[in-house]
Amino acid sequence: MKKLAFVRTSKSSYVPNIRIWVIAASLFASASIAHAQTSETASTPGKQHSLSIEVDPAAFILKGYSFSIRYHNKRLPNWSIMASGFAADFPNSMMSEVNRKNGWGDLRFTCSNALFVDYHFKQTGKGLFVGPSVFTYNNKVTNMNTGQAVAFKTIYPNLRVGYTWYPFKNLDLYAAPWLNVGKEFMVGNTNKFAGTAFQLDKFKYILALHIGYKYSFDKLFHNKKKNTSNPI
């Protein structure tokens, strides 16, 4: 099995891309400023249109990136949909034993994507959530014995369970640890492998932690209306 999480590897330490960290920090800073400017809470917090921005810190540690945008429609208060774009190195120490024995290493996910549909047990979006998701990977892996680098695509349908936790009472910043389990499939031409092919695991799981910020549209419209009706 594979998992993408915080790990130690036998390779040299991964150094985060400073520019990507700066971009992520700027996004959260902008969100915090917007929250301060519109701090009044609507009377029905679970029934609001909202957008959330999420990042996965592990991807940055693994010399990549992970950004997600989640949308929640107030007409479906228990549901949300999220799209993600990500890239990362996969540590050799986490690769399956059979692939290591066959000389494969330096696996990298390049410009990959994921789509999530989640059911939240609370209409506020807090607490437990479950739902299906599908990942599409652009993989690049090298056979250390021959020096051959191979690019191929896979698709990973899975089921996910997670928990959304808001640690601050008056700030819509949250942490969302989650786990998914599924089966990964090769897509397209697999004849590009010369000799021993790269083997996909029978089952796969991902354990991750997302950090996000939620912004409600209804809150913005409510405050604009209030400011218009009460001019200074």
Side-chain angles (χ1 to χ4, degrees), residues 3-6 16 18-61 65-86 114-133 159-180 206-232:
K3 70 175 181 178
L4 181 58
F6 297 98
I18 300 301
R19 289 176 296 180
I20 295 179
W21 276 112
V22 171
I23 293 172
S26 300
L27 287 173
F28 282 115
S30 299
S32 299
I33 293 172
H35 181 276
Q37 293 174 342
T38 59
S39 58
E40 183 175 345
T41 303
S43 59
T44 55
K47 297 183 178 180
Q48 302 174 9
H49 295 295
S50 67
L51 278 180
S52 301
I53 299 174
E54 298 185 9
V55 297
D56 182 349
F60 295 93
I61 294 173
Y65 62 86
S66 174
F67 294 103
S68 304
I69 297 180
R70 177 186 298 279
Y71 174 66
H72 173 267
N73 189 302
K74 67 179 181 181
R75 293 180 179 84
L76 298 170
N78 291 93
W79 294 89
S80 69
I81 186 169
M82 182 170 74
S84 299
F86 63 93
L115 182 67
F116 307 81
V117 177
D118 294 314
Y119 177 82
H120 303 266
F121 287 85
K122 294 183 179 180
Q123 293 187 357
T124 58
K126 298 179 180 180
L128 190 68
F129 64 85
V130 297
S133 61
L159 292 175
R160 186 171 78 132
V161 59
Y163 191 91
T164 305
W165 176 53
Y166 288 80
F168 307 108
K169 184 176 181 180
N170 296 317
L171 185 64
D172 291 330
L173 183 69
Y174 62 88
W178 53 264
L179 169 71
N180 68 22
I206 298 175
L207 177 64
L209 170 66
H210 280 197
I211 306 298
Y213 187 90
K214 180 179 179 180
Y215 190 79
S216 300
F217 294 116
D218 293 27
K219 190 182 296 183
L220 173 63
F221 297 148
H222 177 80
N223 284 335
K224 281 188 176 181
K225 183 177 180 180
K226 179 181 177 182
N227 292 337
T228 302
S229 60
N230 295 283
I232 298 176

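The shown structure was predicted, so the numbers you read here are calculated from the model rather than taken from an experiment. Both backbone and side-chain heavy atoms feed into the values below; hydrogens, waters and symmetry mates do not.
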N/O donor to acceptor pairs below 3.5 angstrom from side-chain atoms of residues 79-86, sequence neighbours left out:
unit_1 : atom_1 : unit_2 : atom_2 : d
Ser80  : OG     : Arg70  : NH1    : 2.5
Ser80  : OG     : His120 : NE2    : 2.8
Ser84  : OG     : Ser68  : OG     : 2.5

Inset, instruction - Answer yes or no: is there a side-chain heavy-atom contact under 4.5 Å between Leu51 and Tyr215? - result: no
Legend entry - Check: Ile211 and Glu54 side chains under 4.5 Å, non-hydrogen atoms: no
Inset, instruction - For Asn78, check side-chain hydrogen bond (donor to acceptor under 3.5 Å, both in side chains) against everything at least two apart and list the hits. - result: none
Legend entry - Min side-chain heavy-atom separation Leu159-Pro132 under 4.5 Å: yes
Legend entry - Ser50: side-chain hydrogen bond (donor to acceptor under 3.5 Å, both in side chains) partners, not counting sequence neighbours: none
Inset, instruction - Calculate, to the nearest 0.5 Å, the distance between atoms OH and CG belonging to Tyr71 and Leu76 respectively. - result: 9.0 Å
Inset, instruction - Any salt bridge (Lys or Arg N to Asp or Glu O under 4.0 Å) involving residues 120-133? Give me the pairs, sequence neighbours left out, ordered by first then second residue. - result: none
Legend entry - Reported CZ-to-CZ distance for the pair Phe116 and Phe129, which is rounded to 0.5 angstrom: 9.0 Å
Inset, instruction - Can you see which heavy atom on Gly162 is nearest to which on Leu128, and at what distance? - result: O-CD1, 3.3 Å
Legend entry - Sub-4.5 Å side-chain heavy-atom contact between Trp165 and Tyr174: no
Inset, instruction - Applying side-chain hydrogen bond (donor to acceptor under 3.5 Å, both in side chains), name anything that partners Tyr166, two or more places apart in sequence or on another chain. - result: none
Legend entry - Rounded distance [0.5 Å steps], CG in Leu209 versus CG in Asp56: 7.0 Å
Inset, instruction - May I ask you to check whether over 12 heavy atoms, not counting those of Leu115, lie within 6.0 Å of atom CG? - result: yes
Inset, instruction - Please identify each residue that fulfils side-chain hydrogen bond (donor to acceptor under 3.5 Å, both in side chains) with Tyr163, with sequence neighbours left out. - result: none
Legend entry - Non-hydrogen atoms of Leu171 and Tyr213 that approach each other most closely: CD1-CE1, 3.9 Å
Inset, instruction - Measure up the Phe121 and Tyr119 rings against each other and bin them: parallel (under 30°), tilted (30 to 60°), perpendicular (over 60°). - result: perpendicular
Inset, instruction - Sequence neighbours left out, what passes salt bridge (Lys or Arg N to Asp or Glu O under 4.0 Å) with Arg160? Give chain and number order. - result: Asp118
